[in-house]
Amino acid sequence: MVIQWFPGHMAKATREVKEKLKLVDIVFELVDARCPLSSHNMYLDEVVKDKKKIIIFNKIDLCDRAETAKWKNYFENKGYTVVYTDAKNSNNLNKVIDKAKEELAEKIARQVAKGIKPRAIRSMVIGVPNVGKSTFINKLIKKNIANTANKPGVTKKQQWLKLNKDIELLDTPGILMPKFDNQEIGKKLSLIGSIKDDITPLDDVSLYLIELLKENYLENLNNLYKINVNSDDENVFIMEKVAEKRFKKIGGDYDYDSTIKLLIQDFRTQKFGLITLDNYNFLLENEEQNEN
Ligand code: G4P
């Protein structure tokens, strides 16, 4: 079973985002700091084109900082401005506003030179589901506002929220699904809650999680379940070790269903500690292979 993609309402949401984009000077794309590449929407680059764009690595409190820092470099080398935030705890949100002003300073200076009185900068938040868009908006304006219409396909009258005298923010975030042809990306998006569980093969997702953990965070995996597996052990064998520790056998067989749910839940509730799912070396190896 593969992850089914792009249902009709998501196509509609994409159209809505394109419409909203026309209204703004700058876009804040939120990605999940645990998988900045997989949760980044490359398709958005085509749509946004001439707009300024800041990539916000949100949920920075949950990631493996050393690994995520490599992704910050990666995006900066491609010409993006990157800001780290922890929207839940309101960390670093003002930095985003400062960066937006910096990005548009030249344009504003040009307008002033022509004798045009610049209006406030108009911005909007965009990103895949569950990266923290509503939280980001609510914390930035210190109110609860970005919930009501935060559903794909649901429209309402747009309002501009004043962040300060120089910058305004659209009150509803733009929800986009990432374009991907790679099931591994889909599985990561499932782990971070961007794709609904009912369209996801959770058995595959949990085995994939084991794969990532055994390769990059073996100690975290062994410590959490008090097991002693190696990175060359089979994923299913590791799953059975976890099952053995946590659940009674059913009719002489491992309780795979409960173990699958447990693994995914433990990732989503940060039981493995600070984890970054997008492994930078893996990307480099792939790029090298593609070049050869
Ligand atoms: P969305 O609009 O992009 O879909 O995301 P939303 O703001 O609804 O946030 C999704 C979940 O991520 C929420 O948790 C939210 O609290 C959490 N979140 C947002 N930003 C951060 C962050 O920087 N760090 C951490 N650790 N979490 C963040 P939830 O479990 O769905 O709800 P709740 O915990 O707020 O009740």
Side-chain angles (χ1 to χ4, degrees), residues 7 9-10 12-14 16-17 20-21 27-36 38-41 43-44 53-65 67-69 71-72 82-97 99 123-156 158-159 161 163 169-178 186 188-200 220 261 264-278:
H9 68 276
M10 282 302 169
K12 186 166 179 231
T14 305
E16 283 175 16
V17 166
K20 286 184 194 169
L21 275 169
V27 174
F28 302 138
E29 186 196 7
L30 259 73
V31 296
D32 188 313
R34 293 168 297 175
C35 53
S38 300
S39 57
H40 162 62
N41 196 307
Y43 172 65
L44 189 66
K53 205 165 109 183
I54 295 179
I55 298 197
I56 298 169
F57 283 22
N58 192 40
K59 306 200 184 185
I60 196 73
D61 54 310
L62 304 181
C63 74
D64 169 354
R65 284 294 269 263
E67 198 57 33
T68 294
W71 289 111
K72 183 170 186 279
V82 176
V83 181
Y84 288 165
T85 58
D86 164 3
K88 197 169 180 171
N89 295 301
S90 300
N91 281 336
N92 232 17
L93 302 185
N94 285 331
K95 179 91 177 273
V96 177
I97 299 180
K99 283 281 173 195
S123 63
M124 75 177 283
V125 171
I126 205 162
V128 302
N130 219 41
V131 288
K133 298 180 296 299
S134 306
T135 311
F136 177 86
I137 295 176
N138 290 334
K139 295 285 183 176
L140 203 55
I141 59 154
K142 303 185 183 75
K143 271 190 211 144
N144 240 351
I145 194 156
N147 289 326
T148 42
N150 187 14
K151 296 244 174 352
V154 177
T155 41
K156 68 162 194 160
Q158 270 136 19
Q159 289 182 50
L161 309 166
L163 299 182
L169 178 74
L170 200 60
D171 67 339
T172 45
I175 305 166
L176 265 192
M177 293 312 286
K188 288 177 194 165
L189 291 167
S190 161
L191 285 168
I192 65 163
S194 286
I195 299 177
K196 289 205 175 89
D197 284 352
D198 52 11
I199 62 158
T200 312
N220 307 42
K261 282 191 200 129
I264 293 175
Q265 190 59 15
D266 282 347
F267 173 77
R268 290 183 181 158
T269 51
Q270 290 83 51
K271 296 266 170 51
F272 296 106
L274 304 178
I275 301 284
T276 292
L277 298 171
D278 278 341

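Indexing begins at 1, ligand by ligand and atom by atom, following the structure's order.
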- N or O pair under 3.5 Å between Val131 and ligand 1: yes
- A student comparing Ser134, Pro173, Ser39 should find that the heavy atom closest to atom 2 (O) of ligand 1 comes from Ser134
- Considering only heavy atoms from C-beta outward, does the side chain of Ser38 approach that of Leu277 to under 4.5 Å? no
- Message: Under 4.0 Å from a heavy atom of Leu62: which atoms of ligand 1 are those, numbered in the order shown and with their elements?
- Response: 26 (N)
- Ile126 side chain near Asn41 side chain, heavy-atom distance below 4.5 Å: no
- For ligand 1, which atoms, with element, lie under 4.0 Å from some heavy atom of Thr135? 6 (P), 7 (O), 9 (O), 15 (C), 19 (C)
- Which residue from Arg268, Lys59, Lys133, Lys139 reaches closest to atom 1 (P) of ligand 1 through any of its heavy atoms? Lys133
- Item | Proximity of Asn130 to ligand 1 by residue part, where a heavy atom lies under 4.0 Å | both
- Query: Between the candidates Asn58, Val128, Ile192, which shows the shortest non-hydrogen contact distance to atom 20 (N) of ligand 1?
  - Reply: Asn58
- If you draw a 6.0 Å radius around NZ in Lys53, do more than 12 non-hydrogen atoms from other residues or ligands fall strictly inside? yes
- Message: If we set the cut-off at 4.0 Å for heavy atoms, which region of Leu30 has an atom near ligand 1: side chain, backbone, both, or neither?
- Response: neither
- Message: Under 4.0 Å between a side-chain nitrogen and a carboxylate oxygen: does that hold for Arg34 and Asp32?
- Response: yes
- Quick check: does Phe136 get an N/O under 3.5 Å from an N/O on ligand 1? no
- Query: Taking distance alone, with no angle check, do Pro129 and ligand 1 share an N/O pair under 3.5 Å?
  - Reply: no
- Task: Please name the residue in the list Asn130, Leu30, Val31, Thr68 that meets the side-chain contact (heavy atoms from CB on, under 4.5 Å) test with Lys59.
- Result: Asn130
